[in-house]
Amino acid sequence: MTTQLPVSGVPPRLEGGVPFFAHYLEYRRDPLAFWLRAGRTAPVTQIQFGPAQRFWLITDPEIAEHLLLKAVKDHPRDRRIMALNSRGGPEVMFSTDRWEEWRWRRRLIQPAFHRQHIARFADTIVAHARRVAAEMADAAEVDVEAQTRRLTIRIILETMFSVTDDTAVGRLHANFESGSEFTFRRAAAPVALPLWFPSRSNRTAEVETRERIDVLRSIVESRVGAGPQGDFLDVLITARLDDEEGGHTLSTEQLVHEMSGIVFAGHETTAATLTWLLYLLSTHPEAEALLRTEIADMLGDRPIAFDDLESLPYLDHCVQETLRLYPPVYVTVREADSAGEVAGYRIPKGTRFVVNIRGLHRDPTAWGDPDTFRPERFAEPGANRHRFQYLPFLGGPKKCLGDTFAMMEIRLAAATLLQHLSFSYIGGEPARERPTFTMAVDGGMPMRVTRR
Ligand code: HEM
């Protein structure tokens with residue numbers, strides 16, 4: 001958005017709102033419509049949920065760049081939400097508010113996600129996609145969202161820890177899903193009981209967290225000193241970083257919590273992308289036909305391999321356009337640790353920011369026809385757009401650690417599903433988003449799935 005910014009001062013308060021709840025009731029009615037309306041009102045606007053939760057909503061790529069890159073050290077992830085994420089466990093890369101603590105963890109873990117490490121998982125991903133394709137073939141009606149979630153949890157648990165047993169996968173899956181729902185419900189609530197209060201939902205969440213951590217701990221403990229299995233855990237168990245402050249390794253407890261965070265970050269997000277991609281293709285037959293032709297010309301009937309990905313540009317553009325319209329992480333929250341200034345605004349210490357990722361992706365001043373699925377836009381080189389206008393994986397040093405893995409997984413899985421199956425959306429009304437921590441579908445994604 002290119003609205004003229006004031007020379008100095010405070011952003012305008014978003015109009016609307018009611019006593020006590022302020023903007024919360026409008027947000028609760030339709031969170032995504034709220035973020036979009038607020039973002040289209042002004043590039044920076046002040047919003048409030050209940051008496052205590054005040055934010056600056058940022059729908060301006062330059063300010064996003066300031067928070068996420070230029071002044072990233074002074075803007076950790078929001079502490080209130082991170083406390084919910086870690087819930088009494090040790091600090092992990094995702095939740096720590098201290099720059100140095102984040103940095104050594106990221107540098108220690110990052111090599112496991114390098115291209116040469118992850119390429120070897122391609123066959124595992126394709127095998128899982130083929131299995132799920134066989135499971136959903138010829139069903140009169142399938143909830144494609146549930147199926148893609150099953151697919152991506154299987155992929156992440158096998159590639160992370162070599163967990164393949166269906167019962168163990170099912171139990172962990174249910175546990176991760178309810179943990180994610182609990183944290184999301186609390187994150188935006190205008191008032192919430194403290195986590196120590198023995199309410200039913202607090203107690204359930206505590207028991208489930210303990211169960212999850214116990215299962216992951218037993219997996220990690222059984223692996224220490226047991227020899228490599230060919231998964232991420234191999235690399236992380238032996239990872240060591242030597243820097244100016246000395247040597248760093250991850251203790252078993254740290255490793256367990258880091259792995260739990262990575263599984264959280266790395267399965268609902270990829271499932272949401274696959275679900276929305278299949279929906280968009282089913283409702284845009286021309287794009288689907290182009291993509292099917294590209295895949296058939298390149299692969300015929302043989303399974304896709306890692307090296308094929310660079311020869312499937314339209315597949316890449318379809319995924320990027322899906323991530324633009326339905327970014328699984330559609331907002332992120334930051335906190336100012338010191339007073340500062342950006343784009344003419346004075347930032348008081350303690351200011352909380354919501355970066356409006358979906359708002360940036362649908363900003364009509366930056367994208368022609370912003371609500372339309374048009375994969376070709378990603379083929380236009382040098383489209384004159386600020387690099388922080390498109391942030392599905394965020395930007396700056398704290399951007400998604402698994403972005404390369406995610407893009408590989410989504411493209412391999414999508415190509416495989418499309419080779420085996422046809423999908424037709426049978427939901428009557430256009431599918432509606434249901435914002436949780438990721439962009440879910442309201443009521444699931446009903447499709448008729450037929451074998452090809
Ligand atoms: C389409 C799929 C994905 C999307 C859209 C996505 C998006 C993001 C975003 C926006 C963030 C920053 C969150 C914030 O700061 O609020 C993030 C962080 C992260 N993501 Fe992803 N992600 C995806 C898949 C994955 C996968 C597959 C993995 C791992 C296998 C992963 C691991 C992580 C980790 C570990 C972080 C924290 C990085 C740090 O603290 O430095 N993500 N992701």
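Counting starts at 1 for both ligands and their atoms, in listed order.
Residue pairs that meet the side-chain hydrogen bond (donor to acceptor under 3.5 Å, both in side chains) test with at least one member in residues 313-325, sequence neighbours left out, are Y314-E376, D316-Q320, E321-R324, E321-R377.
Using a 4.5 Å heavy-atom cutoff, the side chains of P370 and H361 are not in contact.
Ring pair F264/F94: centre-to-centre distance not below 6.0 Å.
For Q229, the side chain to side chain donor-acceptor pair (under 3.5 Å) test picks out no residue, with sequence neighbours left out. V441 is linked by a side chain to side chain contact (heavy atoms under 4.5 Å, CB included) to E145, T275, W276, A431, M445, counting only residues two or more places apart in sequence or in another chain.
At least one donor-acceptor pair closer than 3.5 Å links the side chain of Q46 to the backbone N or O of P11.
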Check ligand 1 for N or O atoms under 3.5 Å from a protein N or O and list each pair with its distance.
unit_1   : atom_1 : unit_2 : atom_2 : d
ligand 1 : 15 (O) : R77    : NE     : 2.7
ligand 1 : 15 (O) : R77    : NH2    : 3.1
ligand 1 : 15 (O) : R334   : NH2    : 2.9
ligand 1 : 16 (O) : T332   : OG1    : 2.5
ligand 1 : 40 (O) : R77    : NH1    : 2.9
ligand 1 : 40 (O) : R77    : NH2    : 3.2
ligand 1 : 40 (O) : W102   : NE1    : 3.4
ligand 1 : 41 (O) : W102   : NE1    : 2.8
ligand 1 : 41 (O) : R106   : NH1    : 2.7

